[in-house]
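First up is the structure itself, then whatever we jot down about it.
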Amino acid sequence: MQTSLHNLFEEFLKKPSIFINKEALTPKYNPRQILHREDQIKLLAQILAPSLKFEKPSNVLIYGKPGTGKTVVTKYVCAQLELSAKSKGIPLDTLYLNCKMKKVADTEYRLFAYLCSLLGEQVPPTGLPTNEVYNRFVKVVDSKPRMLIIVLDEIDALVRKQGSDVLYNLTRMELENAKMSFIGISNDATLKDSLDPRVRSSLSQEEIVFPPYDALQLRDILWKRAEIAFTKGAVDEVIISKCAAYSASVDGDARKALDLLRIAGELAERENANSIREEHLNEAIKKMETDSVLEIVRKLTKHSLLVLYSTILLSKLRDVLTTGNVYSFYCKLCESIGLNPLTQRRVSDLLDELDVLGLIKAEVISKGRYGRTREISLSIKGEILDKICELTKEVFGI
DNA sequence: CGTCCACCGGAAAGACAGGCGG
DNA sequence: CCGCCTGTCTTTCCGGTGGACG
Ligand SMILES: Nc1ncnc2c1ncn2[C@@H]1O[C@H](COP(=O)(O)OP(=O)(O)O)[C@@H](O)[C@H]1O
């Protein structure tokens, strides 16, 4: 047993890898060159440039779907700006903060505490009144003449959880010596609507939009990375183009496109292939699709899962179901595993939620004399259904 | 046309958990 | 550490309804 494993490891190490630098396909990697974002880079640089004359730049709101390069572009421009400032002897700092990081920036207190710590002022993780932390932050910031640019990534998460108050306090801070500007990054284009008007006007003095990448742009981005990540000849243009085309057709997310290429590479490597072939890519696409569905399913509450499971089982017998069908089956299921069933009213809403998630179709129709109900069918098919069933059985120990 | 099926879906109150502030 | 508050899920109540049937 031990020796055979030993052999396996030895073989693994001896095997020539098609990867040179797999990291180049992960989000950790910082690309040397940012493609197809020239306009956004230039615009952001223009907006921030006044800081080099020690004038307060406008605050900026950056919008765009996930994986459109908002974070890389912002970090890049900020880094360049810091370099220029340094060479001119201007006291300029940029602080980057992801509002979604749990336990770091998801409350007003923690947000200020974290900003303080970035400035070298330690604040106890709890115990002080929020107001005190706020005052300390103002004190550190204003301790000397300086330019501060604060990047608030995933700012929509902050607004959803905390409302606009935090931002109001931040943007209207009274400073004597220092000057402070904000860059807000949002995945949600409707963020502006949910912002308090006072905050909106001050935070989005300028706006930059990041549209999703199209297939050609993704192709270029992937190609650049592939050159770094893979050995020569391990991947060709056809594969890259197909990978880009697929990703563009889904949502134009560069992060997911890179993921897809990496997974295809891993599949090829596992088969000892010396290059990625179309079949590897197809398999990778399938894997990403099932993974994304499974991820959604895993997040369902147990009752939602049971409702979905009921729908799947009943769909084997009949392809269109009604709310009543699913509900009575669901109730039996609950009884057999000793769970209190929810009311039909609730299950009716759960069915709607499953529809929104794209797992089932649940459309309200009228069958005249025979009542009004949701017509329910599955939106997904194939092996993934079996996986969902397995998962359900696992969860409930059936 | 009216009836009546089999639910729909709004409103509001209750249950419960987890986190905050003191 | 504890009570309170907040947010999420769920129940309860109940009026509403599209259209096949008669
Ligand atoms: N124009 C680009 N050139 C190179 N890599 C990019 C580009 N845009 C995005 N990426 C890569 O895609 C991933 C996601 O980008 P990111 O900036 O985090 O997206 P967002 O912040 O918009 O969600 C990162 O790993 C980044 O390296």
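Protein chains get the first letters and strands the later ones, always in sequence-line order, with residue 1 at the start of each. All heavy atoms count here, side chains included; hydrogens, waters and symmetry mates do not.
- A 6.0 Å sphere centred on NZ of A:Lys242 holds more than 12 heavy atoms belonging to other residues, nucleotides or ligands.
- A donor and an acceptor atom, one from each side chain of A:Thr171 and A:Asn59, are nowhere located under 3.5 Å apart.
- Protein atom OH of A:Tyr327 is 12 Å distant from nucleotide atom P of B:dC8, rounded to whole Å.
- Across all strands, A:Arg345 comes closer than 4.0 Å to base atoms (heavy-atom distances).
- Between A:Arg346 atom CZ and B:dG14 atom P the separation is 18 Å, expressed in whole Å.
- Straight-line distance from the CD atom of A:Glu375 to the P atom of B:dC7: 13 Å, rounded to whole Å.
- Cation-pi contact between A:Arg37 and A:Tyr213: present, with separation from the ring centre below 6.0 Å and deviation from the ring axis of at most 45°.
- By the 6.0 Å and 45° rule, A:Lys302 does not stack over the aromatic ring of A:Phe396.
- Atom CG of A:Leu351 is separated from atom P of B:dC7 by 11 Å (rounded to the nearest Å).
- When the side chain to side chain contact (heavy atoms under 4.5 Å, CB included) test is applied to A:Ser328, no partner is found at least two apart in sequence or on another chain.
- For the pair A:Thr322 and B:dC7, the criterion of a side-chain N or O lying under 4.0 Å from OP1 or OP2 is met.
- Atoms CG (A:Leu339) and P (C:dT10) sit 11 Å apart, rounded to a whole Å.
- Taking side-chain N and O atoms only, A:Thr343 has no distance below 4.0 Å to OP1 or OP2 of C:dT10.
- Judged by distance alone, the side chains of A:Arg262 and A:Thr26 never bring a donor and an acceptor atom under 3.5 Å apart.
- Counting to the nearest Å, the P atom of B:dC16 and the CG atom of A:Asn340 are 11 Å from each other.
- Across the protein-nucleic acid pair, A:Asn325 atom CG and B:dC7 atom C1' stand 12 Å apart, rounded to whole Å.
- A cation-pi arrangement, defined by a distance under 6.0 Å to the six-membered ring centre and an angle within 45 degrees of its axis, is present between A:Lys22 and A:Phe19.
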Review item, nucleotides 18-22 of chain C N/O atoms under 3.5 Å of protein N/O:
unit_1 : atom_1 : unit_2   : atom_2 : d
C:dG18 : N2     : A:Gly368 : O      : 3.0
C:dG18 : N3     : A:Ser366 : OG     : 3.0
C:dG19 : O4'    : A:Ser366 : OG     : 3.3
C:dG19 : N2     : A:Gly368 : O      : 3.4
C:dA20 : O4'    : A:Arg369 : N      : 3.1

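- A:Leu321 places its CG atom 16 Å from the P atom of B:dA6, with the value rounded to the nearest Å.
- If you check C:dT11, B:dC8, B:dG9 against the side chain of A:Gln344, the one that comes closest is B:dC8.
- Within the structure, a side-chain polar atom (N or O) of A:Thr323 is placed less than 4.0 Å from OP1 or OP2 of B:dC8.
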